[in-house]
Every structure is written in structure tokens, then in C-alpha cells.
There are 2 protein chains.
Amino acid sequence: MGSTMPGASPDFTARLRAAGLRPTRQRVALARLLFESGHRHVTAESLHVEVKSTQMPVSLATVYNALNQFRDAGLLREVVVAPGRSYFDTNTGHHHHFFVEPDGALHDFPSDKVTIAGLPAPPKGTRLSRVDVIVRVRR
Amino acid sequence: MGSTMPGASPDFTARLRAAGLRPTRQRVALARLLFESGHRHVTAESLHVEVKSTQMPVSLATVYNALNQFRDAGLLREVVVAPGRSYFDTNTGHHHHFFVEPDGALHDFPSDKVTIAGLPAPPKGTRLSRVDVIVRVRR
DNA sequence: AAGAAATTTAGAACGATTCTAAAGACTGCG
DNA sequence: CGCAGTCTTTAGAATCGTTCTAAATTTCTT
């Protein structure tokens, strides 16, 4: 026993494998933190602090590696809202963001009810990739 | 003559003073580059390269200081589109951006014809500050 | 269990930005 | 005009977030 555990860590192993990533201990630990509860926003730093408080210590470099790999695999979405810091969002579906300016807090909101009309055509030779809407608010 | 020049550098001095900034040589030189022709997007690095090619050498630290001060004074708007690099936009009016993903090029488009409907209300205790729309496109 | 290949790690390296302390430039006052 | 006082500039060090390196470890295949 040990290699294929019972029910403790559900299908993170499978989830990672499906994404083409080896389910290493640290990737599983990070995936659990990221995906076991509802949607989350993290930075490399914040996730590192969080994972350190578990049994399994993971280096900061590994957190960066994992976040980038998860993003490349489509498990996470990177959100750029403030200079010098990257947020990663476990919600990869269509949605937009509130950004609370003083403290840097980020909140999702669904794009279902949002309609954007009148956008100009993409510049010649380019295809639309994604439309990001960031609603900046202050206290 | 000399203190109050004729027509060479129009009203950059006045413009800076009106913004509450002393019209120093380097700030005037930077303001001229930024504001004398149409709207522009610059990074600290690109503006530094540009100003170095004029008679007046300006240190990189001063370029950073000036960009931040101009932004705080409302003369520039900071645009965050890619991790690790800040763009400054001389267009401070209402408008949005195209961001061409591979090369990092940024283009304005007016918000006149753009309609955004169905945005949720700002979180409790916050006021709307600005809505940024970034249309990401690929080649 | 053994070997090959991928991953983790600590620490160095990096690029962008800010800070520091000292030197220099603008302004108001006489 | 000339000087004091305050603000600004500067070079270089420092900092921050992120990536890279090379060596040690783990995972996977057989």
C-alpha cells in the first residue's frame, strides 16, 4: 500500500495525469489546495505560504513551475491586473473580474449576463483570442 | 531671453506647472516626447532609450519617477496587460485596448461605440473606479 | 529492483522597478 | 540679481517577483 492510496486524495492523480503531468507529491499537494474547494485566486507567494503550512514542504521554484504548467495545461488561468504580480485563477470558464484597488483583492463574476457590443474588428492579420474585462473599484 | 522661451517648447512648462510639477529640464524633455505628437504607448525602458537619443541625457530612475508622477497627476494612464511590464498611455480619455499577444503591441480603440451591459454592482463598500477592456488577439 | 527520464531543490541569476545618499537645479525673497 | 531652502536628479545599491542551473531525488517502465 502507499503507491495507490485509498480514498484520501480523490482523483487529483488522475486529473494531473489527464493533463499530461506526472502526479508528483508536490503537484498533488498543490492541486489539492487549488482544486478541492471552490474557485480561488492565488499568487505564487500566497500558495507557497499555504503549502508550507501542510506536512509537505514545497519549494517556491516548484510552486512557480507548477502554476505555469497548470496554466499551460488549461487547469488555471493567469490574470494580469496589477504591475509586478501575477494572479492565477482556478476558474477557467468564461468570466470577468472585480479588482479592489487598495488591497489587491480579486473577485470573479460570470460573463453570462454581460454583453459587450460595438467592439472593433481585430487588427489585420490577427484573430481574437480573449476579451478581458476588469472592473476596478475603490473603497 | 532664455527663462521664458519664445515658441520652441510651447506650453510644456505651463502644463507641468498646472499639474503641480516643477518644470525641470528632464521632465520637460520627457513631456515633449510624450505629448508633442499624437497618442503614444511607452515603457520606462523604451522612453529612456528615446530620450537618450536627444541632447539631454536623463537617467532611467528619473524616467521611472517622471512616469509615476505624470500618472499620479493624471497626465498618463498606466496599462497592465502582461506580467512584469508596465505600459503608459498618453491617452487618458475613455478608451480600451487591443493587445497583440506574441509581440506585446498595444493599440487603443475608442470606447464611444462600445457598450457594456449587464455588469454586476460593485462589491459592498466599493465604488466603481474604471472598467478596463483588453481585447487579446493573436497572429 | 534497476535504469532512464522527469521533477524538485537551493541558490544563483535575472529583469523591472524602487530606494539611497549626495550633488545639482528651480523658486521665492530680499 | 544672488542666495537660501526645497525639490529633483543621479549612479549605484537594493528589492521584488520570477526564472534558471546543476545536482539530488522521485517517478515510471521493464
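Treat the numbers as computed from the prediction; the structure is a model and nothing was measured. We use all heavy atoms of the structure for the numbers below, so side chains are in, but hydrogens, waters and symmetry mates are not.
- Ring planes of Phe109(A) and Phe98(A): tilted class, angle from 30 to 60°.
- If you check the side chains of His95(B) and Asp89(B), you find a donor sitting under 3.5 Å from an acceptor.
- Between Leu67(B) atom CG and dA16(C) atom P there is a gap of 14 Å when expressed in whole angstrom units.
- We find that NE2 of His48(A) is positioned 13 Å from P of dG11(C), with the value rounded to whole Å.
- We find that CZ of Arg17(B) is positioned 17 Å from P of dA25(C), with the value rounded to whole Å.
- The nearest whole Å value for the distance from the CZ atom in Arg27(B) to the C1' atom in dT10(D) is 14 Å.
- Residues from residues 18-26 of chain B that place a heavy atom under 4.0 Å from any atom of DNA chain D, listed by number: Arg22(B), Thr24(B), Gln26(B).
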message: Does the protein touch nucleotides 15-21 of chain D at the base, only the backbone, or not at all? Give it as B, S and - per nucleotide, heavy atoms under 4.0 Å.
response: --SBBB-

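- Side-chain atoms of His94(B) and His96(B) include no donor-acceptor pair closer than 3.5 Å.
- Using a 4.0 Å cut-off between charged nitrogen and carboxylate oxygen, Asp103(A) and Arg138(A) do not count as a salt-bridge pair.
- Between Asp72(B) atom CG and dT18(C) atom P the separation is 11 Å, expressed in whole Å.
- Scanning all heavy atoms of the two residues, the minimum distance from Val58(B) to Val63(B) falls at CG1-CG2, 4.1 Å.
- Following rounding to the nearest Å, Gln69(B) (CD) and dC7(D) (P) show an atom-to-atom distance of 13 Å.
- Counting only N and O atoms by type, the side chains of His39(B) and His41(B) include no donor and acceptor under 3.5 Å apart.
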task: Check the pair Arg22(B) / Arg17(B) against side chain to side chain contact (heavy atoms under 4.5 Å, CB included), numbers first and verdict last.
output: CA-CA 6 Å; Arg22(B) 277 194 189 175; Arg17(B) 237 190 271 275; over 6 Å; no

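- With ring centers used as reference points, Phe12(A) lies 6.0 Å or more from Phe35(A).
- In this model, the phosphate group of dT9(C) is approached by a side-chain N or O of Thr62(A) to a distance below 4.0 Å at OP1 or OP2.
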